[in-house]
Amino acid sequence: MVQKFWQCRDRNIDLSSPKIMGIVNVTPDSFSDGGKYYSSAQAIEHGLQLAEEGADILDIGGESTRPGAEEVSVHSELERVIPVIEALSAHGLVVSVDTSKPEVMKAAAEGGAQIINDVYALRRDGALEAAEKSGCGVCLMHMQGEPRTMQKNPVYTDLMSEVKSFLTERAQALTDLGVPAEKIVLDP
């Protein structure tokens with residue numbers, strides 16, 4: 001059975017038609033915009049523009065996940081994303097936080113984010129519990145390795161089967177904690 005709604009805290013996102021996720025990277029080294037929206041003011045303005053242009057969800061990221069990207073501290077990531085999340089949420093927009101750090105997940109949910117979008121699929125210590133406690137909808141992504149290494153000789157014996165198995169296992173880890181399936185979407 002195909003899931004028709006994605007439960008994201010106080011929002012139910014209708015999945016019967018495609019949704020547009022606008023990307024707001026608050027990083028100096030973004031692969032998609034080259035750091036164009038690095039300041040909070042620029043990022044907020046960009047997020048509002050994306051919503052006006054039709055974005056259904058605004059995904060706020062404070063750490064680049066491009067191949068070869070360096071990791072940033074929790075403190076730096078919080079400084080980058082929390083003001084943007086709070087401002088865009090205050091406008092009534094559906095906001096997602098693109099992070100793998102449990103501390104950022106918690107602060108983002110407290111700041112009004114409705115979705116946690118994690119390229120690590122909640123594999124970092126404490127991430128599963130942070131996502132479960134947040135009440136947010138969760139997007140689990142597939143990646144071999146980490147951003148710095150994911151493009152260095154990825155090897156699959158059966159690509160589709162391995163990606164499906166990985167995402168199914170990660171979703172099961174969330175449901176084992178009591179997170180309803182309606183709160184989970186998968187991004188291969």
Side-chain angles (χ1 to χ4, degrees), residues 1-26 30-33 37 43-63 65 81-102 104-123 127-143 160-161 163-188:
M1 183 173 175
V2 176
Q3 185 173 314
K4 297 203 186 221
F5 287 93
W6 185 15
Q7 187 181 36
C8 301
R9 296 183 83 179
D10 62 343
R11 309 282 180 110
N12 281 321
I13 299 172
D14 182 357
L15 298 179
S16 64
S17 62
K19 299 299 174 237
I20 297 170
M21 181 180 270
I23 307 301
V24 181
N25 289 319
V26 194
S30 169
F31 68 91
S32 63
D33 60 42
Y37 309 108
I44 293 163
E45 182 180 324
H46 181 57
L48 293 172
Q49 179 185 352
L50 290 170
E52 187 176 307
E53 292 173 354
D56 301 293
I57 301 166
L58 298 174
D59 190 46
I60 316 305
E63 178 177 23
T65 54
V81 300
I82 297 306
V84 179
I85 290 168
E86 289 173 344
L88 294 173
S89 293
H91 282 274
L93 302 169
V94 177
V95 176
S96 167
V97 63
D98 180 352
T99 189
S100 61
K101 295 179 178 86
V104 178
M105 293 173 190
K106 180 180 186 284
E110 290 169 358
Q114 291 91 13
I115 299 167
I116 294 170
N117 181 20
D118 184 6
V119 70
Y120 284 87
L122 305 174
R123 287 181 285 161
L128 278 166
E129 294 79 9
E132 183 270 328
K133 287 180 179 145
S134 74
C136 290
V138 179
C139 179
L140 301 172
M141 299 177 71
H142 172 266
M143 170 183 64
M160 298 303 284
S161 175
V163 170
K164 180 180 178 182
S165 176
F166 172 83
L167 290 172
T168 301
E169 172 192 308
R170 298 312 302 152
Q172 186 64 52
L174 264 179
T175 57
D176 287 350
L177 285 177
V179 175
E182 296 80 23
K183 288 187 176 252
I184 305 167
V185 297
L186 307 177
D187 181 354

Which value, rounded to the nearest 0.5 Å, describes the distance between [X] atom [atom1] and [Y] atom [atom2]?
X    : Y    : atom1 : atom2 : value
L140 : I116 : CG    : CD1   : 10.0 Å
L167 : L186 : CG    : CG    : 5.0 Å
Q172 : I184 : CD    : CD1   : 8.5 Å

Which residue is it: D56, D59, I23, L58? I am looking for the one with a side-chain contact (heavy atoms from CB on, under 4.5 Å) to L50.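 Looking at D56, D59, I23, L58, the match for L50 under the side-chain contact (heavy atoms from CB on, under 4.5 Å) is L58.
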Check whether more than 12 heavy atoms from other residues, nucleotides or ligands sit under 6.0 Å from atom [atom1] of [X], and answer yes or no.
X    : atom1 : value
E53  : CD    : yes
E45  : CD    : no
K133 : NZ    : no

Give me the atom names and distance for the closest heavy-atom approach of [X] to [Y].
X    : Y    : answer
K183 : W6   : O-NE1, 3.0 Å
A131 : V138 : CB-CG2, 4.1 Å
C139 : D187 : SG-CB, 3.7 Å
L177 : E129 : CD1-N, 4.2 Å
C136 : A113 : SG-O, 3.5 Å
G62  : V81  : N-CG1, 3.3 Å

Are [X] and [Y] packed together at the side-chain level, in the sense that at least one heavy-atom pair is separated by less than 4.5 angstrom?
X    : Y    : result
I13  : I115 : yes
R170 : L128 : yes
N117 : M141 : yes
D118 : M105 : yes
L15  : K4   : no

Only distances under 3.5 Å count here; give the side-chain donor-acceptor pairs of residues 84-95 to other protein atoms, sequence neighbours excluded, each with its distance to 0.1 Å.
| from | atom 1 | to | atom 2 | distance (Å) |
| --- | --- | --- | --- | --- |
| S89 | OG | I85 | O | 2.9 |
| S89 | OG | G112 | O | 3.1 |

Measure from the side-chain N and O atoms of T168 to the backbone N and O of S165, and report whether any donor-acceptor pair falls under 3.5 Å.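 Not confirmed, T168 side chain does not pair with S165 backbone.
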Using only atom types and a distance under 3.5 Å, with no angle test, would you say the side chain of R11 pairs donor to acceptor with the backbone of C8?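 Checking the backbone N and O of C8 against the side chain of R11, no donor-acceptor pair under 3.5 Å is found.
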Trace of the side-chain contact (heavy atoms from CB on, under 4.5 Å) decision for D10 with Q114: CA-CA 8 Å; D10 62 343; Q114 291 91 13; 4.1 Å; yes
